[in-house]
Amino acid sequence: MLNIKNLKASLEEEDKQILKGVDLTINAGEVHAIMGPNGSGKSTTSYVVAGKGGYVVDEGSVTLDGQDLLNMEPDERAAAGLFLAFQYPVEIPGVGNMTFLRTAVNSQRKARGEEELNAAAFLKLVREKAKALKIDAEMLKRPVNVGFSGGEKKRNEILQMAMLEPKMCILDETDSGLDVDAMKLVAEGVNALRDGKRSFLVITHYQRLLDHIKPDFVHIMSDGKIVKSGGPELALEVENNGYADLLNEVA
Amino acid sequence: MAVLAQNTEPMLAGFSPAPVSGWANDARVAALANLNKTGAPMRRDEYWKFTNPSTLLSENPEAAILGSDESPVFDSFDKLLIVFKDGIYQPDLSDDLTGKNLEIQTLGDAMATDIHWAKEIFGVLESRGQLPVARPFAALNTAVAEQGFVLRATGKVTKPVAFRYIRSAENAKAMIHHVIKLDAGAELTVFESGAGAARINTCMEIDVACNASFHHIRAQGRDHERQAITHMFGVLGKESIFRSFTLTVNGLMTRNEAVLEFTGDDAKATVAGACVGDGTFHHDDTIFVTHDAVNCESRQVFKKVLRNGAIGVFQGKILVKADAQKTDGYQISQALLIDDDAVFLAKPELEIYADDVICSHGSTCGATDENAMFYLMSRGIAKKQAQDLLVLAFLDEAIQEVDNAALADEIRGRLAGWTERHR
C-alpha cells in the first residue's frame with residue numbers, strides 16, 4: 001500500500017533537513033502508529049507525503065499502490081486514495097462545510113472517472129455519516145471549521161475521511177486537544193472505517209489514543225528517522241518509561 | 001486669490017448645460033457655476049491621487065459591447081423594470097410607471113412642472129456633499145442631466161424599482177440623475193444594473209425620512225472597456241435605514257462615490273461592495289460618512305479581488321461631529337491580490353470630534369491563504385477550483401451585507417460565473 005523509502009526532506013526556506021531517511025512500509029489493512037518526541041519529524045512526514053508546500057524532498061520515494069506520490073499535486077494524491085487528518089484543521093470562513101464536502105467528494109469522483117453524486121444522493125450519504133459522528137445539521141451548514149470546538153474540528157476531519165473513503169489514512173495527532181469522550185468518539189469513527197483493506201498511519205505523542213485505535217505496528221521516530229519498530233507493546237514501553245530511555249537504548 | 005478653474009470643456013462635451021425653465025433651473029445653474037469654480041479633477045487633487053481622472057475626462061470614450069448569454073442581473077426578481085439604452089429612457093422596453101405607495105415620473109416630466117417636492121432634494125444633497133471634498137463629476141451631472149427618475153415612496157413599496165442600463169452604441173455617454181424620497185416609515189428597494197454606455201455618470205440623491213428604509217443593490221455591467229463614475233448622496237433621518245451594495249465585475253474604470261449624512265438619531269447605514277478585476281481594471285470606492293446625530297451606526301465593507309495588473313482603490317472616511325455621541329462606525333476594506341502585478345491602494349480616514357464613540361477601521365491586502373489552499377487540495381479539490389472557493393469565500397463577507405438571501409445568492413452566482421471565466 002504505502003511505501004516510504006529513504007525519505008529525506010528539508011524546509012524550503014531554511015535549508016534545514018528535517019527528515020533524514022524515513023523508511024516505512026504499510027500493507028493493506030494494517031494500522032501503524034508513529035510515536036516520538038517533539039520535533040522528531042512525525043508531522044513533517046505526514047505533510048511531505050500529503051504534498052504540503054514549503055518542503056523540498058532531497059532524496060527517497062513515496063508510493064501508494066505503486067503510484068509515485070511525490071510527483072503529484074495534493075489533490076491528485078487525494079484522488080489516488082490518500083487522506084491526511086490534520087492536527088490543526090484549517091478554518092475557512094465563507095466556505096460552507098456542505099459545499100466543501102460535496103466539492104471534495106465530486107472532485108475525487110471526477111478525477112477517478114466516476115460519476116458525480118447528485119445533490120440528493122450526497123445529502124443522504126452525508127447525513128448518515130454525520131449522524132454516527134454526532135455532527136448535527138447546524139455544524140454542516142457552518143463555514144468549514146469556523147467557530148468549531150477542538151472536538152468538533154476533529155470529528156469534522158473524520159467525517160471527511162468517511163465521505164471520501166480513502167485507501168490510506170494518515171491521522172496527525174488527532175488526539176491533541178481532545179477530552180476522553182471526544183477521543184472515544186473520534187476513535188469509534190476511525191474504527192468504523194477499518195475494513196481489513198484500508199490502512200492507517202496514526203501519529204501521536206501518547207499511548208492513550210492507541211487504547212482506542214489498536215495498532216498492528218508501532219514505530220518510534222527520532223531526529224528524522226524511524227529508530228525502532230515493534231508491536232503494540234512498544235507504545236506501552238513509551239508510556240511507562242518515556243522516550244529518553246528508549247532513545248538511549250537505541251543510541 | 002481667484003484660482004483659475006481647470007478646463008471643464010471636455011466634461012461638458014456632448015451635453016447641453018442650457019438651463020431648463022422651472023424649479024430645477026436654480027440648482028442646475030448653481031451646479032454649473034460650482035463645476036466651473038472647482039474645475040475638472042486633477043491627479044494632484046487629494047481624492048484623485050490614486051485614480052487618474054484623465055480616463056474619465058477624455059471626450060470620446062469607446063467601449064466594445066460585450067456579447068453575453070447570461071440572463072440580465074435581477075431578471076428573476078419581481079420588479080418595476082425601467083430600461084435605459086445608451087442613457088436614454090426606453091418606455092417601450094419598460095414597465096408602466098405605477099406602483100403601490102410609489103410616485104414615479106421621469107426627471108424630464110418632473111422638471112417641466114412649476115412646483116415639485118423634488119426641489120428640496122435635486123442638486124441640494126449633491127451640493128451639500130461637495131463640502132469638504134469637491135465632486136466635480138456630480139456637479140456636472142446635476143448641471144446637465146436630463147435623464148433619470150424622480151421617485152417618492154409614501155409607504156411600503158412592494159416591488160423593487162429596477163433601473164436597467166443597456167447599450168447599443170459603442171461610444172455613447174450617459175448622464176443619469178435620480179431623485180429619491182422616502183416618506184416617514186416608507187420602504188423602497190432600488191436595483192441598478194448594466195454598463196449603460198461607454199461612459200456612464202450617475203447621480204442619485206436619496207432623502208430617507210425617519211423610520212424609513214432604503215435598500216439599493218447594484219451590479220455594474222461587465223463590458224471590459226466601459227467607464228463609470230457614480231454618486232450617491234444620502235441623508236438619513238431618525239431611526240432610518242440605508243443599505244447599499246455594489247457588485248463590480250470588469251470595467252476599464254469605475255469610481256463609485258457615496259456620501260452619507262446622519263441627521264437624525266438612531267439610524268443605520270451600510271455601504272458595501274464586492275469587485276473582481278482582471279487586467280486593465282481600475283476600481284475606486286470613495287466613501288464619506290458624516291455622523292451628525294446621536295447613536296447612529298455606519299458600516300463600510302469593501303472586498304476586492306485583483307489580478308493581472310488590476311488596480312483597486314478605497315478611500316473611506318468617517319467624520320464624527322462633536323454632538324454625534326454614541327456613534328458606532330465600522331470600516332473595512334480588503335483586497336485579495338491573486339498575483340504580484342495586482343495593486344491595492346487604500347486610505348482609511350477617521351475624523352472624530354465626539355468623545356463617546358466606537359470607530360474601527362481595517363484595511364488589508366494579501367495573497368491566497370496557502371494553508372487553506374493545501375487543506376482544500378488535500379481533500380481532492382483541484383488548485384483552480386480551490387482558488388475559486390477561496391476567492392468567493394473572501395468576497396462573501398461583503399455579500400453578507402445584502403439583507404436578502406435570494407439577492408445575495410444572485411450576486412454569488414454572478415461572481416462564481418466570473419471566477420469560472422477567469423481561471
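Residue numbers start from 1 in every chain, and the chains themselves are labelled A, B, ... in the order their sequence lines are given, proteins ahead of strands. Remember, it's a predicted structure, so these values are computed and weren't measured experimentally.
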Q | Partner chain A: residue of N371(B), D396(B), D369(B) with the largest heavy-atom pair count (under 4.5 Å) | A | N371(B)
(Q) Less than 6.0 angstrom separating the ring centers of F374(B) and F86(A), yes or no? (A) yes
Q | Engaged part of V105(A) at the chain B interface, taking heavy atoms whose separation is under 4.5 Å | A | neither
Q) Hey, does the Lys NZ or Arg CZ of K79(B) hover above the aromatic six-ring of F74(B), less than 6.0 Å from the centre and inside 45° of the axis? A) no
Q | Contact origin within Y88(A) toward chain B - heavy atom pairs under 4.5 Å | A | neither
(Q) Could you work out, with side-chain contact (heavy atoms from CB on, under 4.5 Å) as the rule, every residue matching A85(A), not counting sequence neighbours? (A) F83(A), E157(A), L171(A), T174(A)
Q | Residue selection (most heavy-atom pairs with chain B, distance under 4.5 Å) from A79(A), P74(A), A78(A) | A | P74(A)
Q | Segment of A50(A) engaging chain B (4.5 angstrom heavy-atom cut-off) | A | both
Q: Pick one of side chain, backbone, both or neither for Q400(B), based on which atoms fall under 4.5 Å of a heavy atom in chain A.
A: neither
Q | Heavy-atom pair count under 4.5 Å with chain B, highest-scoring of R77(A), Q108(A), K52(A) | A | K52(A)
Q | Criterion side-chain hydrogen bond (donor to acceptor under 3.5 Å, both in side chains) on N250(B) and W418(B), from CA distance to verdict | A | CA-CA 9 Å; N250(B) 303 340; W418(B) 185 88; 3.0 Å; yes
Q: Name the region of P89(A), side chain, backbone, both or neither, that has any atom closer than 4.5 Å to a heavy atom of chain B.
A: both
Q. Relative to the ring of F191(B), is the ring of F77(B) parallel (under 30°), tilted (30 to 60°) or perpendicular (over 60°)?
A. perpendicular
Q.
Both conditions, 6.0 Å and 45 degrees, for the charged tip of R102(A) above the ring of F100(A): are they met here?
A. no
Q: Heavy-atom pairs under 4.5 Å with chain B are the metric here; pick the option from G54(A), G96(A), A80(A), G51(A) that has the most.
A: G51(A)
Q | K8(A)/D58(A) salt bridge by N-O under 4.0 Å criterion | A | no
